[in-house]
Amino acid sequence: MEQLIQYLPKDRQAPRLWFKQLSIFSEPDTANIIRTVPFRRGLNVVWAKEPAAGSAVGLHAAGHGVGKTSLCLLLRYCLGDPSKAVTELRDELCSEFPRGGVIAVIHVEGRPFTLCRYFNPHKDGFAIDGEGAEDVWAQEADSNDRDFLKRLASDMMSSVSPGNIPDTGQAIEWRHILAWISRDQGSRFKSFFAWREGEGSGLQRSRQDPPIVMRAVLGLMDQSESLLMGRIAALEHELDQARQKRGDLQREPALIRRRIESNLRAMGSLPDDLPIRAAGLFDDSVENRIRTASEKVTSRLAQLELEQEQADQNLAELRADLKLRRSESERAVAEYDLADAGRRGDEEAYKSVGAKLLKLRNLAGHCEEGNIPFSQCQHVQTEISLLSLSSFQDQRDKQSLENAMNESSSRSVTALVRKNEMTSKLQVLERQEEALKAALNKVRMSRRTAEIEASKWPNLLDELTRWDGSAGSASAQAEVDAMQAEILRIERELGSAQMQLTLLHQDKSAREKALASITDALTQTLLPDGAFGAFDPRDEDRPFRLSMRGGEAYRVLEVLLGDIACMLDSAGSASSLPGFVIHDCPREADMSIGLYENYFSLVSSLEKEGFVGVEPPFQYIVTTTTPPPTDLREGVVRLELDPSSNESLLFGRRFGVEQHSLPEHGKGRR
């Protein structure tokens, strides 16, 4: 013990965080406080008694379900633990005590605070500076519970360095440290870094990150190591990217060639075994067949262009002739209508048709009958004169109008024959126009198809030619060589950084040696028969090791002694650990009763002999169903829970199906 005591740091006289008291209430008044649990600095035991054999049955026959784990979860609730187990307990208690909650007197960095938190997650609690009066609800709050917990987390994290995981950049938070110092019972103390069962600790990497958090909190990771770890992580990422880029550059030519060849064969419906290029002058190949097909379609396209030009010209000439024929047809119809109006004696129709005919006659153009321009045609000129003599503007000359109508009526038969002839010619020309339009559309469609066909082959052959010119070229190889040189540079820098980190680890710091000495002294004090303890902060599984081989019991003891060593070391200024640890039933994790009793005695003796006349600078809360050594029960056992009676349960009664059959809980403080 003397050897152990000499290694204990004494920079701090009190733990950075510790509980003085925890009260559970069902209603926010002093008359409804269900239970009050006092705590002390040093060792605090919560003992769930197991009744003597045969003295109880059923739920009353074992020290389980009496509230020891719930008490640990309530302490974690008062420290802002967001874990699933804490949330589930809070919700269950809210259903049992809708207006209930907890009051905790907590010392933070030497200052006492009284914190009230309700089980109802939607109801704000409060915090008061100082230990507060008996009726805390009557006092004026200094802040709400959430603001207090934020300040608590900030205070606890203020000296942790680095503040981020170097490899990932994730911030190290109070919840991560809280997971360590208040291990979930479900983790069963399986290994030192098994802090939470199922839901995890909230760290991104379950194996690599907890050791980094431990070292940062214990002050074992200086700035140079943090920078080196961050540099190594960045170089490893950079190296992966460079190797990926080199692989892409090396694979790219082959991928391009396969794509081009596949497209060439698919478009030409060519067999897979046909070579892309011919080995000899007269050998068959994909290239030869495609060039032949390209030449054929190019020739076909030229022919179709000539056919389209001819079709366009034929249609234009026909439409010009058709336009003239339509004008002649309209004149023939008008002449017949004029003659018919004169025959019928319809003056109004005769004048109207005559005006229309006059307009048609005045049109410029060519007279087909005389094969001369209209302006020189005697027939047209005579008709124009005749129509002019009718003097449609002078309605008083009726005799002239009648003479004109009589003369027109005499030509009605001739006009009808001409009308029918012109209509027949017009219909023939219109049918010819439709035929020429259909032929032209067919030629245009064929030409568009030929254009698409003609353009696809040269594009692929040009791409294949470009590939032949670039694959294996100086420029392509230069890119690969440059990337290989970059990979070699990164590998050299990475190797150098890793070597620096290895040398840094080999040069153990005074902090590591101090923790190793405490671990070894604890081990030798507990197991004096030649056992020794070791500490390796970079071990991702067992940073604290015992030389003893004894199965699961010694693996659990490694975890317990590791936590105790860190808790004792927290009195030094270099550590950021709060000096506060909760262990929920480590005996149930397969540690033998004799070893368990010796462990309790070790912690108690350390407290008495190492801190004579003063309170120890740590608080250790442990729950157990195994009776603690008799000589430790005085003052160390802060709460006794007994399943044989409801009054001795943490909440004064059991919850659930048996609640209706059990007597009401006592409402006095315990």
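Residues Asp584 and Arg76 are not paired through a salt bridge, judged by the lack of any N-O separation under 4.0 Å between the basic side chain and the carboxylate. A salt bridge links Glu493 with Arg231: the closest approach of a Lys/Arg side-chain nitrogen to an acidic carboxylate oxygen falls below 4.0 angstrom. In this structure, Arg511 pairs ionically with Asp569, as a charged nitrogen and a carboxylate oxygen lie closer than 4.0 Å. Between Glu607 and Arg40 a salt bridge is recorded (basic side-chain N to carboxylate O distance below 4.0 Å). Between Glu552 and Arg188 there is no salt bridge, since no side-chain nitrogen of the basic residue lies less than 4.0 Å from a carboxylate oxygen of the acidic one. A salt bridge does not link Arg151 to Glu109: none of the charged nitrogens lies less than 4.0 Å from a carboxylate oxygen.
The distance from the CZ atom of Phe25 to the SG atom of Cys116 is 4.0 Å, given to the nearest 0.5 Å. Expressed to the nearest 0.5 Å, how far CD1 of Ile212 lies from CG of Asn164 amounts to 11.0 Å. One finds the CH2 atom of Trp195 at 10.5 Å from the CD1 atom of Ile181 (value rounded to the nearest 0.5 Å). To the nearest 0.5 Å, atoms CZ (Arg633) and CZ (Phe600) are separated by 11.0 Å.
By the 6.0 Å and 45° rule, Lys20 does not stack over the aromatic ring of Trp18. A cation-pi arrangement is absent between Arg545 and Phe192, since the terminal nitrogen or guanidinium carbon is not both under 6.0 Å from the aromatic centre and inside a 45° cone about the axis.
Atom CD of Glu2 has 12 or fewer neighbouring heavy atoms from other residues, nucleotides or ligands inside a 6.0 Å radius. More than 12 heavy atoms of other shown residues, nucleotides or ligands fall within 6.0 angstrom of atom NZ in Lys10.
Remark: side-chain polar atoms of Ser26 are not paired, donor with acceptor, to backbone N or O of Gly100 under 3.5 angstrom. A side-chain donor-acceptor contact under 3.5 Å links Thr525 to the backbone of Ala521.
Under the 4.5 Å side-chain criterion, counting only non-hydrogen atoms from C-beta, Phe119 is not in contact with Glu96. Side-chain contact check for Glu640 versus Ser648: every heavy-atom pair is 4.5 Å or farther apart. Looking only at side-chain heavy atoms (C-beta outward), Gln204 and Ile165 stay at 4.5 Å or farther from each other.
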